[in-house]
Amino acid sequence: MKKTRMGLGSVAVVGAAALVLTGCTSGNGGDSGDAAPSGNADAIITTNGSEPQNPLVPSNTTETGGGKIIDSIFAGLVSYDAKGATEMDVAESIESDDNQLWTVTLKDGQTFTDGTPVTSESFTEAWNWAAQVSNKQSASYFFDDIEGYDAEADSDLSLEVVSDTEFTVQLSAPEADWPLRLGYSAFSPLPASFYDDVDAFGENPIGNGPYKLDGEGAWTHNQGIDLVTNADYDGPRKPVNGGLTITFYTTQDAAYSDVLSGNLDILDQVPDTQFASYQSDFPDRFANQPAAIFQSITIPQYLEHFDGTTEEGKLRRAAISLAINRADITDVIFQGTRTPAKDFTSPVIDGYSEDLKGADVLDYDADRAKDLWAQADEISPYGDTTFTIAYNSDGGHQNWVDAASNSIADTLGIKAAGEPKPTFAELLDQEDNDAMTGAFRSGWQADYPSLFNFLAPLYQTGAGSNYGRYTSDEFDGLLKEGAAATSVDDANAKFQEAQEVLLVDLPVVPLWYSNVTGVWADTVDNVQFGWNSVPLFYEVTKQ
């Protein structure tokens, strides 16, 4: 008899799914109880966003601008509720008796928005395509635990179609919490038409989620995208509104002005310039609650003087970390909406620890920072070089980057400055091409509620979001041991050990954890922000 890991309906997932977010959530957000939401079922909800870096293909969308869209127009085997608990979406059940061979059963009658059925092959072919090296998908490493995956050459995954509604997945090693990750967009199904013209599909994707594009050309580059409700979607995220318009703003201040005047319904990131006033501007319509978001500064391994495999590089990375006064910046710039980092994950994730060995490198210690920097100068003088931190101007980062740069400069007696890039997409493109000439701001919004998700995508050798090009056999080995653990507690213990390696190597300098600070106009009700900071748009009502 099979041991059911996840079955029909709403199921609590191992460890992290039991987590309940705490914090101040005001206004009409949160659970509306058993009462049916009232509003115009045809009303379009408006919100902010940013231009996606790439065409809208699920396995090549690893940034928040594209992710907000992909998650709205695609449905995977499972999805996550507001607290991070897993719910069956396209799947009816996901079962295993050994945590290595998994059987997936789909719900009957699921379709894409072009009318074609969602079948087992919709998943197995999409996963196989995404995993092939030749297809150069940024999220291909998400399939590396499936038998047959090869990071060096094209190779078929161990997936077997049993019927139109059943398929099996053979993992390379047992993983007790493997189903937890299946709500991430890389595991989305794709229709047969995708393979006819991948580029055309990326401009006008055909999904199976709660929303769909509002016709050909609904995505106007660098301006926004228009989505409407997918009437055929019958999963747990069924919308109570008529659609979603996402406007790509060049500054968060412009978006704030629009929501203040009622020209924008929901803003999911209050700019730091408004931290002192947003609660009084929106006394009953704001959210300030913990979210699975981690912020950092990445110092590329290829940057002169900062090669992490050398003594000089290790000394300078530690010195930079010790020179940043996180407490002052989070108090003054962010006014309590950020918490200084103690690790590389998030306090809202099961397994988080403040007691990792070596975490004192994240404390502000001017004397120690100066001493380590001087030791590095004895190896190779830094000279008159300016330490730069690149950031995207459309994301509201200038104030904290300037504050961090000043802290580094004042502490170490060197030149340090921010380096603005016009858009997030442009910043990511330079990171992709190893074209950064200094450090750059970085961060992670969790794909699914697990410590592993904060570590593997960012620091595992060759991972798609490892923009600093970090590599460590010791770190990779500990990740592998954790992934193969038979319990979540054992897995988390290995992931904590892996973080202690990171605290020595500092591929990134951890800064702080973010609260989601959002506001909404009096045009909408039933606004709730999820565990990963994204509003649950499908629950929002509008008259």
Side-chain angles (χ1 to χ4, degrees), residues 16 19 21-23 64 269 272 275 288-299 308 317-366 368-369 389 391 395-397 399-401 403-405 407-408 411 439-446 449-459 465-468 470 475 492 495-517 531-533:
L19 193 67
L21 295 180
T22 59
T64 54
Q269 184 183 347
D272 54 23
F275 282 154
N288 179 18
Q289 67 188 52
I293 305 175
F294 166 84
Q295 300 289 339
S296 59
I297 296 171
T298 295
I299 305 176
R317 287 170 183 271
I320 292 292
S321 179
L322 292 161
I324 299 173
N325 195 328
R326 295 165 180 78
D328 277 1
I329 294 173
T330 53
D331 286 344
V332 176
I333 301 295
F334 294 113
Q335 300 192 36
T337 62
R338 306 288 190 273
T339 303
K342 299 296 183 182
D343 80 335
F344 293 78
T345 65
S346 164
V348 306
I349 300 298
D350 186 47
Y352 167 80
S353 173
E354 293 187 354
D355 301 317
L356 299 177
K357 180 181 179 182
D360 58 344
V361 77
L362 306 183
D363 297 334
Y364 175 62
D365 189 333
R368 185 180 170 197
I389 304 173
Y391 64 94
H397 300 289
N399 287 346
W400 76 256
V401 170
S405 299
S407 185
I408 292 168
T411 301
F440 53 90
R441 82 95 187 162
S442 49
W444 191 251
Q445 176 179 300
S450 167
L451 292 182
F452 184 82
N453 183 240
F454 280 87
L455 303 176
L458 297 171
Y459 314 116
S465 296
N466 185 351
Y467 295 117
Y470 173 69
F475 174 80
N492 285 340
F495 297 149
Q496 289 171 1
E497 287 185 47
Q499 288 194 81
E500 291 176 347
V501 175
L502 297 182
L503 286 167
V504 174
D505 295 346
L506 289 175
V508 307
V509 175
L511 295 176
W512 38 75
Y513 316 114
S514 299
N515 278 12
V516 53
T517 50
W531 65 280
N532 61 351
S533 84

For residues 500-512, please give each side-chain donor-acceptor pair under 3.5 Å, one per line with the distance, not counting sequence neighbours.
| residue | atom | partner | partner atom | Å |
| --- | --- | --- | --- | --- |
| Glu500 | OE2 | Lys357 | N | 3.0 |
| Asp505 | OD1 | Lys314 | NZ | 2.9 |
| Asp505 | OD2 | Tyr470 | OH | 2.6 |

Phe334 and Phe275 aromatic ring geometry - parallel, tilted or perpendicular at 30°/60° bounds: tilted

Arg368 vs Asp360, side chain to side chain contact (heavy atoms under 4.5 Å, CB included): CA-CA, chis, key distance, verdict: CA-CA 11 Å; Arg368 185 180 170 197; Asp360 58 344; 3.6 Å; yes

Ring centroid separation Tyr513 to Tyr352 under 6.0 Å: yes

Lys342 and Asp363 ion-paired at < 4.0 Å: yes

Distance-only polar pair, side chains of Thr337 and Thr517, donor-acceptor under 3.5 Å: no

Minimal non-hydrogen separation, Thr345 against Phe294, with atom names: O-CB, 3.4 Å

Heavy-atom closest contact (Ile408 atom, Ile389 atom, distance): CD1-CD1, 4.3 Å

Mind checking the [atom1]-[atom2] spacing from [X] to [Y]? Nearest 0.5 Å is all I need.
X      : Y      : atom1 : atom2 : answer
Trp444 : Asn532 : CH2   : CG    : 12.0 Å
Phe454 : Ser346 : CZ    : OG    : 4.5 Å
Asn492 : Gln499 : CG    : CD    : 9.5 Å

Contacts of type side-chain hydrogen bond (donor to acceptor under 3.5 Å, both in side chains), residue Arg326, not counting sequence neighbours: Ser321

